Amino acid sequence: MRIINEEGDNGVVTQDDAQQKSRKATNINVAGIWVEGNDNITAYKRRIIVYGRSDYNQEIQAHFGCYDPLAYPLFFPNGESGWHSKIPRHGVSINEVVDVDEIMEEDSEADLYQGIVDCVNAGEVQPSRVGQRVVLPASFIGGSRDMRRRFLDAMALVQDDGKPDIFLTMMCNPKWLEILKELLPEDLKDQLFQKNIIGTVIAYVYVIEFQKRDLLHAHFLLIMRAEDKMANPDHHDKIVCAETPDPAKYPEMHQFDVQHMMHAPCGHLRPSSPCMQGEPKRCRFRYPRQFNDKTSNAENSYPLYQMRDLRRDVNVRDVRYVSPPKAMWRIFSFALSQIHLYVTALQLHLPNKQMVRFREDDIMVDIVARERVSNALKRLFATILTYCEPEDVCKLWDEHYESLLKDYRRQCKSVDHVQNLVLTGIATFLQSMGKNIDDYALPKIYADANLQIGSFREVQDEYSILVEDEHLRARDALNLDQKYAYDEIMKHVDDDRPGVFFIDGPGGTGKTFLYKALLANIRFHGLIALATASSGVAANNMPGGRTTHSRFKILLSL
Ligand SMILES: Nc1ncnc2c1ncn2[C@@H]1O[C@H](COP(=O)(O)OP(=O)(O)OP(=O)(O)O)[C@@H](O)[C@H]1O
């Protein structure tokens, strides 16, 4: 047996001439080991020529089932059929079978090698009856659990900061002169997030993917700050260009665009193009697209970008580039995704299945009231406004006014203030859903509630701290020293006078008890009381407590 290549250097296998019979080669008949070439060009043109006893020869192509036992006799010692186009499919496409990367299945079986050998010797042929089930954890980068976790993290960003404004794809073709000349490693991120070339990005998430025969893609979802959101067609045109650049004005750009971004002709220009599918045949990428004279905002959809019929090009674009970077990416452990702001997954539970902590002497109705999540109602109200578009918003507000305000009224006596709190809460949720509370017939938010400023959310968070009855009642249980300090401090609060107080005493003499009484009563009057401490443990002892460094963003010199 010899290596056969396209130039016609034929090898010999002694066996019957028919393809079916070639499969029955035994060690007596096969006289050598087939060596696969590494040459990419001939890799897909392999074949074996069988010289039988009859006068004609039989060519066995690499995709024939009987090729594998002839090429890899050690793997198919009994001449079993290898891969062939009619191989039975069990719930997976052939692409999934062929892609070696995907062979690392999500939920697979595992056992010690010796265990498998023992099972095979015992006559077991079903892998599903051997070993134990292995579930790849979320820490397996690229696995479906990892992807799902990242998806949920990204959704957390959307919930917090609103819908992404820009979906930016960077296709990394290292041949691009811009990349060679202009972009240093990480430079794109620097331009986007530090130099703010398209506006200030308040949150983003990106992933690196390997598409189109391993072409590297970076997909960014960018959430812009309110002032930089693309609100009108002019703004869109400044950032997005869907046209092939003018060859007279931008010859270089035009050349790159034509060279790298053009989808091969299809449709009536070339009905045999591989992208033409279905009956009647249509390009599966929906090219050529409709021309548009001007960018316009479509109703509940993406904008229709300017793409004039300039008779310069067929408005189709696509890219293909062959490279093997995936392995290198993994070997060097380059990051495959990044998210900003940081998202931490909290423990999840089904509705009303959260653990509730209470003491033996707590009153049952208080426990239930304490645990009611008032935010859920505000979020639901905002969701109904956004997605159900109720006809009479005013009526909806009136009908649910009491329920929306109920939780806050327990802790604040000013009805106006409570209403304002609820409305601003709803406004915050509406904003995160891309809507503005001013567009709805709801009572106006008074005071200087400015949703655009970053500190607004923090003010809302402070207002949302629930005041516990126990802490409100603590005022009546203070001892003489505590009462003196309490009255002195509250006098300043009531008269709106500044003052600095230092409270000291041995451990366990009731300092924290006094703070809790002060915090609860100040908050009960609709004011803000910031509770901070130098350590996390001390901060946790107070309702709404934060460390001083975290609350005032004091830098830590490490
Ligand atoms: N006036 C009071 N009435 C009832 N219980 C009180 C009173 N003052 C303090 N206590 C109780 O005494 C215990 C110790 O009080 P607290 O934790 O406030 O002390 P502390 O001075 O903050 O202690 P440390 O300095 O160790 O943090 C707590 O269980 C608290 O509930």
Side-chain angles (χ1 to χ4, degrees), residues 344 346-347 349 354-375 406-414 417-418 421 455 458-558:
T344 308
L346 300 174
Q347 196 194 3
H349 58 78
Q354 70 267 40
M355 293 299 287
V356 176
R357 288 195 322 169
F358 55 90
R359 289 200 311 257
E360 276 180 24
D361 54 347
D362 275 348
I363 299 163
M364 289 304 283
V365 284
D366 282 356
I367 301 171
V368 176
R370 202 166 55 214
E371 291 303 319
R372 194 179 296 138
V373 189
S374 57
N375 267 352
K406 203 154 122 193
D407 284 350
Y408 285 100
R409 284 177 76 165
R410 285 179 53 250
Q411 50 174 320
C412 184
K413 54 188 178 183
S414 157
H417 182 73
V418 167
L421 274 180
S455 56
E458 291 184 25
V459 171
Q460 284 309 298
D461 287 347
E462 288 302 325
Y463 278 137
S464 311
I465 298 169
L466 285 176
V467 178
E468 292 190 29
D469 286 342
E470 178 197 346
H471 298 157
L472 271 178
R473 288 197 301 266
R475 184 184 50 179
D476 305 324
L478 298 174
N479 63 30
L480 280 181
D481 288 344
Q482 287 168 329
K483 183 93 176 81
Y484 174 74
Y486 177 90
D487 288 342
E488 205 50 34
I489 293 168
M490 284 309 281
K491 242 190 265 166
H492 280 72
V493 173
D494 292 339
D495 302 347
D496 201 11
R497 272 190 294 134
V500 178
F501 301 89
F502 182 75
I503 295 173
D504 195 16
T509 49
K511 298 182 292 292
T512 313
F513 192 87
L514 170 65
Y515 301 152
K516 285 178 183 169
L518 283 166
L519 290 169
N521 284 281
I522 292 173
R523 286 169 181 160
F524 184 71
H525 283 86
L527 300 172
I528 288 180
L530 297 182
T532 64
S534 52
S535 77
V537 177
N540 265 341
N541 277 337
M542 294 179 286
R546 295 261 299 267
T547 62
T548 321
H549 282 81
S550 152
R551 161 57 65 215
F552 300 114
K553 311 234 170 358
I554 301 171
L555 292 179
L556 286 170
S557 46
L558 297 172

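Owing to the predicted nature of the structure, the values given are computational and were not obtained by experimental measurement. Atoms within a ligand are numbered from 1 in the order they appear, just like the ligands themselves.
- Of the polar atoms of G508, at least one N or O is found under 3.5 Å from an N or O of ligand 1, judged by distance alone.
- Proximity to N479 (heavy-atom distance under 4.0 Å) selects the following atoms of ligand 1: 1 (N).
- Counting non-hydrogen atoms of neighbouring residues, nucleotides and ligands closer than 6.0 angstrom, the CG atom of D496 reaches no more than 12 such neighbours.
- Under the ring pair (Phe, Tyr, Trp, His ring centres under 6.0 Å) criterion, the residue pairs touching residues 497-522 are H492-F501, with sequence neighbours excluded.
- With values rounded to the nearest 0.5 angstrom, K511 atom NZ is found 10.0 Å from Q482 atom CD.
- Closer than 4.0 Å to atom 6 (C) of ligand 1 lies at least one heavy atom of the protein.
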For residues 528-544, run the donor-acceptor check on the side chains, cut-off 3.5 Å, and write out each pair with its distance to 0.1 Å, sequence neighbours left out.
from	atom 1	to	atom 2	distance (Å)
S535	OG	A538	N	3.1

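- What sits closest to atom 9 (C) of ligand 1 on the protein, heavy atoms only, is G510 CA, 3.5 Å.
- In this structure, atom 29 (O) of ligand 1 has its sub-4.0 angstrom surroundings free of protein heavy atoms.
- The shortest side-chain heavy-atom distance between D469 and R473 falls under the 4.5 Å cut-off.
- Distance check, rounded to the nearest 0.5 Å: CG of L519 to CG of L472 gives 11.0 Å.
- Rounding to the nearest 0.5 Å gives a distance of 10.0 Å between CG of D481 and CG of L514.
- Distances below 4.0 Å separate heavy atoms of A477 from the following atoms of ligand 1: 1 (N), 2 (C), 3 (N).
- Of the protein's non-hydrogen atoms, F513 CD1, 3.8 Å is the one closest to atom 10 (N) of ligand 1.
- Annotation for R523 and V467: closest pair CB-CG2, 3.7 Å, computed over non-hydrogen atoms.
- Protein heavy atom at the shortest distance from atom 25 (O) of ligand 1 is K511 NZ, 2.7 Å.
- When only non-hydrogen protein atoms are considered, atom 8 (N) of ligand 1 lies nearest to Q482 NE2, 3.1 Å.
- Scanning the protein heavy atoms around atom 22 (O) of ligand 1, the nearest turns out to be T512 OG1, 2.5 Å.
- Within the 4.0 Å heavy-atom cutoff, G505 does not count among the residues contacting ligand 1.
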